[in-house]
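Just follow the structure's listing: the first ligand is 1, and inside any ligand the first atom is 1.
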Amino acid sequence: MQTITVLGATGSIGLSTLDVVNRHPDRYRVFALTGNQQYKQLIDLAKQCAARYVVIADESYYPQAIEYAGEVSLGADVLTGSLALQQVASAAEVDCVMAAIVGAAGLLPTLAAVKAGKRVLLANKESLVMSGELFMQAVIDHNATLLPIDSEHNAIFQCLPQDFTRAQLTDSGISNILLTGSGGPFLHIQESELVSVTPQQACAHPNWEMGRKISVDSATMMNKGLEFIEACWLFGLQADDIKVVLHPQSVIHSMVQYIDGSVIAQMGNPDMRTPIAYGLAYPHRIHAGVDALDFSSISAFTFDKPCPQRYPNLYLAIDAFKHGQYATTALNAANEVAVDAFLAEQIKFTDIASINESVLNSIEPVQLTSIQDVIEFDAQARSVARRILTGIMA
Ligand code: NDP
């Protein structure tokens, strides 16, 4: 029996996690669920799975959350604030933490779980993008188990040799990691039309159902850029070790290419419950509620190279990784500001890349040697992004 905390329980990954967990009451017990503002949904979920704690991160929603918890006779303690997120991620009773808060807000609670030596199921890619080296060192120092949940990284993990460690790339006969991406909803529209696409169109991913921020990131392919950086840190890769491959069907979730000419791919229906179930049960396999892949219904498998003019954000991210931690932290911060503004209909879709690029051009290289440095630099990059944003909106 594993005891679990789900950070970001009200989101797309959080709900898929609870779906898998609820299929296996003999294996998993929920300790805590967290959300930010959706307090009713959070409390209803906590009641259904008999969680011991709920954390509503946004303190302004705490009074309403307490009142609603009383109305529904919730048998759990309701906590609030960022410290409470860290407490339920690191509590002694917890074996496993699903890190599924969106954005930079996920960094400290995920790191708290790592520092407590937990089994951490990592969906929150932004924490690695912001603090890769420090984060991976914390995993080693605190003997935590880090399992990738992003479908691409989970696929790579499944295709690597057993017992692969980060230092073994060439010794293992690996020549390349092939990171696949669908190209999102705007793969086929005229580039000149990108300027007028709406948030609703950007969030309508052809294959995956996801939260709004990652959906926009998929449309710009910033998501693939963040995944590129995440893969480098997770598997100890250099930028040249990874090739990004467009695969619009989203059936192959990524591949590992070996020096003898073999390519090992992981396939499945595009449903995040597969990598979540893999992470929860690893090294075993459990039912995830996902239909078996029906090859007779797949008419084509196609592959292509992402075009830099259509997807400038992907190439900004690859470039940022080559520049170092300060650049990936700044890019992540700029992108969160820009995507929020696009979702609020304050800027155009194409402004996202312009803001990201302007922020990267405005910041000076700096060594980030502690998490405090990362957090301060993230704040600095956000204020640069907001200044540029104000200029665009004027
Ligand atoms: P959602 O937007 O659907 O959910 C985000 C979750 O984080 C919600 O529970 C939300 O609470 C909570 N949250 C938001 N802001 C804060 C904050 N400031 N402090 C604490 N909690 C907060 O996101 P997804 O589930 O789509 O994505 C979650 C993470 O997983 C992201 O990092 C994403 O990149 C990654 N990921 C997602 C995939 C997917 O298929 N969705 C695939 C691979 C990776 P509330 O609901 O109350 O706002």
Roughly how far apart are [X] [atom1] and [Y] [atom2], rounded to 0.5 Å?
{"X": "K47", "Y": "L42", "atom1": "NZ", "atom2": "CG", "result": "14.0 Å"}
{"X": "W208", "Y": "S218", "atom1": "CH2", "atom2": "OG", "result": "10.0 Å"}
{"X": "R29", "Y": "M1", "atom1": "CZ", "atom2": "CE", "result": "5.0 Å"}

Does ligand 1 come near enough to [X] that some N or O of the ligand is less than 3.5 Å from an N or O of the residue?
{"X": "G11", "answer": "yes"}
{"X": "G14", "answer": "no"}
{"X": "Q38", "answer": "yes"}
{"X": "Q37", "answer": "yes"}
{"X": "T10", "answer": "yes"}
{"X": "E126", "answer": "yes"}

Can you tell me which residue and heavy atom of the protein come closest to [atom], and the distance to 0.1 Å?
{"atom": "atom 43 (C) of ligand 1", "answer": "D150 OD1, 3.0 Å"}
{"atom": "atom 34 (O) of ligand 1", "answer": "K125 CE, 3.1 Å"}
{"atom": "atom 2 (O) of ligand 1", "answer": "G211 CA, 3.9 Å"}
{"atom": "atom 21 (N) of ligand 1", "answer": "I101 CG2, 3.5 Å"}
{"atom": "atom 3 (O) of ligand 1", "answer": "S12 N, 2.9 Å"}
{"atom": "atom 25 (O) of ligand 1", "answer": "I13 N, 2.9 Å"}
{"atom": "atom 36 (N) of ligand 1", "answer": "I214 CD1, 3.6 Å"}
{"atom": "atom 35 (C) of ligand 1", "answer": "A123 O, 3.1 Å"}

- prompt: Nearest to atom 13 (N) of ligand 1 by heavy atom, N36, I276, L42: which?
  reply: N36
query: Are any of the heavy atoms in A100 under 4.0 Å away from ligand 1?
result: yes
message: Determine whether a donor-acceptor pair (N or O, by modelled atom type, separation under 3.5 Å) exists between the side chain of D241 and the backbone of S175.
response: no
query: Which is it for Q238 and D240 under the side chain to side chain donor-acceptor pair (under 3.5 Å) test, yes or no, and what are the steps along the way?
result: CA-CA 5 Å; Q238 303 298 317; D240 290 345; over 6 Å; no
Non-hydrogen atoms of V78 and A69 that approach each other most closely: CG2-CB, 3.8 Å
- request: Would you indicate whether Q201, at its atom CD, is surrounded by more than 12 heavy atoms from other residues, nucleotides or ligands within a distance under 6.0 Å?
  value: yes
query: For ligand 1, which atoms, with element, lie under 4.0 Å from some heavy atom of N124?
result: 32 (O)
query: Numbering the atoms of ligand 1 from 1, which are under 4.0 Å from a heavy atom of G8?
result: 6 (C), 7 (O), 9 (O)
Does [X] approach ligand 1 within less than 4.0 angstrom via side chain, backbone, both or neither, non-hydrogen atoms only?
{"X": "V102", "result": "both"}
{"X": "A57", "result": "side chain"}
{"X": "M272", "result": "side chain"}
{"X": "A105", "result": "side chain"}
{"X": "K213", "result": "neither"}

- request: Take the angle between the ring planes of H24 and Y28 and call it parallel below 30°, perpendicular above 60°, tilted in between.
  value: perpendicular
field: Ring center gap for F349 and F186 short of 6.0 angstrom
entry: yes
- prompt: So do the side chains of E227 and L179 get within less than 4.5 Å of each other, counting heavy atoms only?
  reply: yes
message: With a 4.5 Å cut-off on side-chain heavy atoms, are H253 and Q158 touching?
response: no
task: Walk me through it: do Q325 and T328 pass the test side chain to side chain donor-acceptor pair (under 3.5 Å)?
output: CA-CA 5 Å; Q325 192 69 79; T328 58; 3.1 Å; yes
- request: Would you check, one step at a time, whether the test side chain to side chain donor-acceptor pair (under 3.5 Å) holds for D58 with N36?
  value: CA-CA 5 Å; D58 186 331; N36 194 38; 4.7 Å; no
- request: Could you go through the side chain to side chain donor-acceptor pair (under 3.5 Å) check for Q372 and E376 one step at a time?
  value: CA-CA 6 Å; Q372 192 51 35; E376 283 168 16; 3.1 Å; yes
